[in-house]
Protein chains: 2
Amino acid sequence: MTTIKDIAELAGVSRTTVSRVLNRSGYVSETAEARVMEVIEETGYIPSEQAKAMRTKQTKVIGVVLPKISTETVSRTVDGIDTKLSEHGYHLLLANTNLDPAKEIEHLKLLQSRRVDGIIIVATNINDQLLKMIERIKEPVVAVGQDIPGIPCVLYNDYEASRDVTDHLLQKGHRHIGFIGVSEQDRAVGHERLRAFRDTMASWGCPVEENWVQQGVFDIESGYEAMKQIIETSKVRPTAVFAVTDRLAIGAMEYVRSLGWKIPEDISFIGIGSSDLSRYSSPKLSTVDYYNEQAGMKTAELLLDYLRGDKKTPEKFIMNYGLIERNSL
Amino acid sequence: MTTIKDIAELAGVSRTTVSRVLNRSGYVSETAEARVMEVIEETGYIPSEQAKAMRTKQTKVIGVVLPKISTETVSRTVDGIDTKLSEHGYHLLLANTNLDPAKEIEHLKLLQSRRVDGIIIVATNINDQLLKMIERIKEPVVAVGQDIPGIPCVLYNDYEASRDVTDHLLQKGHRHIGFIGVSEQDRAVGHERLRAFRDTMASWGCPVEENWVQQGVFDIESGYEAMKQIIETSKVRPTAVFAVTDRLAIGAMEYVRSLGWKIPEDISFIGIGSSDLSRYSSPKLSTVDYYNEQAGMKTAELLLDYLRGDKKTPEKFIMNYGLIERNSL
DNA sequence: TTAGGGTGTGGTATCGATTCCATACAGTCG
DNA sequence: CGACTGTATGGAATCGATACCACACCCTAA
């Protein structure tokens with residue numbers, strides 16, 4: 001591998017001069033610059049960011065901690081993050097946790113050992129140990145999709161979105177509404193959305209039968225199973241079902257269709273996520289668009305502000321959302 | 001930031017000894033090791049992979065060049081790649097090109113400047129300039145989803161898959177078959193799949209009306225438009241349509257549904273990709289599963305072999321595929 | 001007694017860049 | 001004419017780790 005030293009020798013100048021040409025800093029004569037550029041061209045020399053980072057203490061790499069890249073929400077968010085950060089010369093280093101708490105901590109350490117300039121945490125569950133770990137990190141850390149105390153976050157308005165969805169169903173005349181959620185360990189998706197559902201139902205004076213509320217695990221199959229539970233165990237069957245993710249809703253629709261029911265005549269559905277799936281399911285699923293890509297971009301901006309030292313106080317940015325009504329209700 | 005020097009001073013030993021403790025290399029007395037470990041624990045010292053890489057010439061980072069992360073095919077592939085590589089202590093550095101040829105070259109340079117240990121190219125279009133660039137790269141380069149001469153590749157069997165799909169439609173009795181493709185610049189998806197389609201039609205003695213063959217650009221909308229073209233311009237309307245991606249097929253189905261046609265009674269559809277969409281569209285779309293995640297893992301393995309120096313000759317690995325018949329035909 | 005091998009430790013060069021400091025020359029101003 | 005400023009260049013320290021080499025010690029076998 002050719003180094004700056006080789007270039008210097010071939011061009012008959014010192015390493016310092018080559019460095020100056022590379023960084024357009026200080027004084028360099030035109031002849032010297034021309035010679036250096038020529039040699040660089042000939043040799044195909046590419047300076048080592050590594051060695052550069054060593055001195056400048058800037059790697060221009062941002063670590064991204066995420067549960068799984070191959071989900072729409074996450075990959076869209078990462079797309080937004082990358083769009084914004086690459087504009088500023090940053091690269092993304094992936095840290096896939098598969099939602100394993102031990103791996104999350106390990107990955108945070110690994111990112112630090114690589115001296116990333118900053119870390120973005122995407123929709124990862126938090127626990128006390130993780131929180132302590134994050135506090136000790138010197139580099140800027142920002143999060144998207146989950147509220148982490150003490151650090152800047154881009155948050156989805158889970159409570160209000162869920163309230164609006166429930167409200168919408170109630171306004172449409174539904175009084176018996178099923179709910180397919182996920183583990184309440186997941187604060188945003190599991191806890192907040194359920195809380196808003198219960199609150200809104202209560203504020204309309206609508207009791208919620210316990211069997212109407214079921215839990216799945218983020219995939220289509222578990223939506224199917226949860227719906228089966230609702231239908232088979234409920235005393236009064238719901239006329240509408242609110243699932244906290246599109247996949248769960250799609251699974252739920254699958255089940256009632258297997259019973260030969262008509263959607264939305266016999267039962268209505270709504271999800272959250274505005275996935276591609278929701279646009280082309282049958283019938284088209286009503287949902288809530290969380291604008292993940294924009295959220296990713298906003299998160300990147302928050303991090304960039306942080307890196308520039310503009311803001312020191314943790315800022316919570318609440319994203320907008322859009323209710324999309326389609327044929328499923 | 002604490003360094004190995006600080007640890008050495010605090011523990012009352014030399015940097016060398018600390019290094020030996022860190023790497024379990026050479027001889028270290030138990031007392032020395034204990035003291036060093038203690039200090040490391042207290043200070044929360046995390047060694048710099050940066051500096052380490054500087055000496056060892058190994059960054060343990062693999063660059064991944066891809067067109068866009070938020071597509072099912074790509075994100076699944078990356079998932080597979082990461083699963084395998086993280087097992088061996090490698091991290092992934094993302095390089096998003098948005099299919100911009102200039103960016104591809106730039107990204108390859110940037111990855112080299114970061115001294116990645118290897119590069120994986122995911123489903124990116126190739127052109128002469130890119131090819132020359134790749135040839136000059138000293139680090140191992142492998143590709144998945146596109147045949148790049150001279151380097152190990154994991155390839156999808158586009159020709160055979162497309163032939164099987166066409167064959168299947170023909171065997172079902174269809175003789176007028178529409179085809180929605182993409183730019184032939186894209187060798188795998190655009191060129192090969194179309195070639196197999198034409199060959200197979202020809203081998204059955206079925207002429208193909210030129211208006212049956214339309215082009216889209218990878219999204220649902222363009223599938224819709226392409227289908228519109230087919231319907232509006234064909235002299236004889238096809239009874240089946242083969243779209244080279246699920247999205248195009250979904251868009252195409254959308255259009256005929258907007259005409260009030262029934263699928264598969266009035267017209268049949270099949271796509272490629274086994275996307276989530278295909279499983280939950282209406283009707284469920286027949287498709288071909290390319291096993292992207294496995295392909296990603298296989299690609300990672302190829303790269304690992306390469307890194308170990310096991311193989312020097314470029315190896316082409318052809319992936320299997322599975323035809324999935326659903327209600328759309 | 002001495003040569004040789006196993007242990008344990010530290011000094012120092014090195015990786016490839018940046019950056020501070022020193023030096024040198026030319027031109028300008030008071 | 002001396003002081004100063006602007007231009008151009010190179011030497012050497014530095015970033016944080018690894019790794020080679022040298023040295024010191026203790027033990028054992030010839």
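Keep in mind it's a predicted model, so treat the numbers as computed, not measured. Lettering of chains follows the sequences in order, A, B, ..., and the numbering in each one begins at 1.
With B/D305 contributing its side chain and B/L302 its backbone, the two residues share no donor-acceptor pair below 3.5 Å. Between the side chain of A/N98 and the main chain of A/D100, no donor-acceptor pair closer than 3.5 Å is present.
At the heavy-atom level, B/A53 lies nowhere under 4.0 Å from the strands shown.
By the 4.0 Å N-to-carboxylate-O rule, B/K316 lies close enough to B/D147 to be salt-bridged with it. We find that A/D117 and A/K60 are not joined by a salt bridge, their nearest charged nitrogen and carboxylate oxygen being 4.0 Å or further apart. Here A/D79 does not pair with A/R76 in a salt bridge; the nearest charged N to carboxylate O distance is not below 4.0 Å. Ion pairing of B/R115 with A/E49 is absent here, as no side-chain N (NZ or NE/NH1/NH2) approaches a carboxylate O to less than 4.0 Å.
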**OP:** Please test A/D82 against A/Y90 for side chain to side chain donor-acceptor pair (under 3.5 Å), starting from the C-alpha separation and ending with a verdict.
**Re:** CA-CA 8 Å; A/D82 184 72; A/Y90 286 93; over 6 Å; no

Original post:
B/D158 and B/Y290: side chain to side chain donor-acceptor pair (under 3.5 Å), yes or no, with the steps?
Top reply: CA-CA 9 Å; B/D158 284 290; B/Y290 265 17; 2.9 Å; yes

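Atom CD of A/E87 has more than 12 heavy atoms from other residues, nucleotides or ligands within 6.0 Å. A/M37 CE: 12 or fewer foreign heavy atoms inside a 6.0 Å radius.
Distances shorter than 4.0 Å separate some side-chain N or O of A/T17 from OP1 or OP2 on D/dG10.
Regarding B/R24, its CZ atom lies at a distance of 15 Å from the P atom of C/dG8, rounded to whole Å. The OH-P distance, from B/Y27 to C/dG8, rounds to 8 Å in whole Å. Distance A/Q58 CD to D/dC15 C1': 14 Å, rounded to the nearest Å.
Five base pairs at each end of the helix from C/dT1-D/dA30 to C/dG30-D/dC1 define two local axes, and these are offset by 60° (rounded to 10°).
Taking 4.5 Å as the limit, every side-chain heavy atom of A/K52 sits out of range of all side-chain heavy atoms of A/Q58.
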Original post:
Going 5' to 3' along nucleotides 16-23 of chain C, which nucleotides have protein heavy atoms under 4.0 Å from the base (write B), which only from the sugar-phosphate (write S), and which from neither (write -)?
Top reply: BBBBB---

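Scanning residues 37-44 of chain B for heavy-atom distances under 4.0 Å to DNA chain D yields an empty list.
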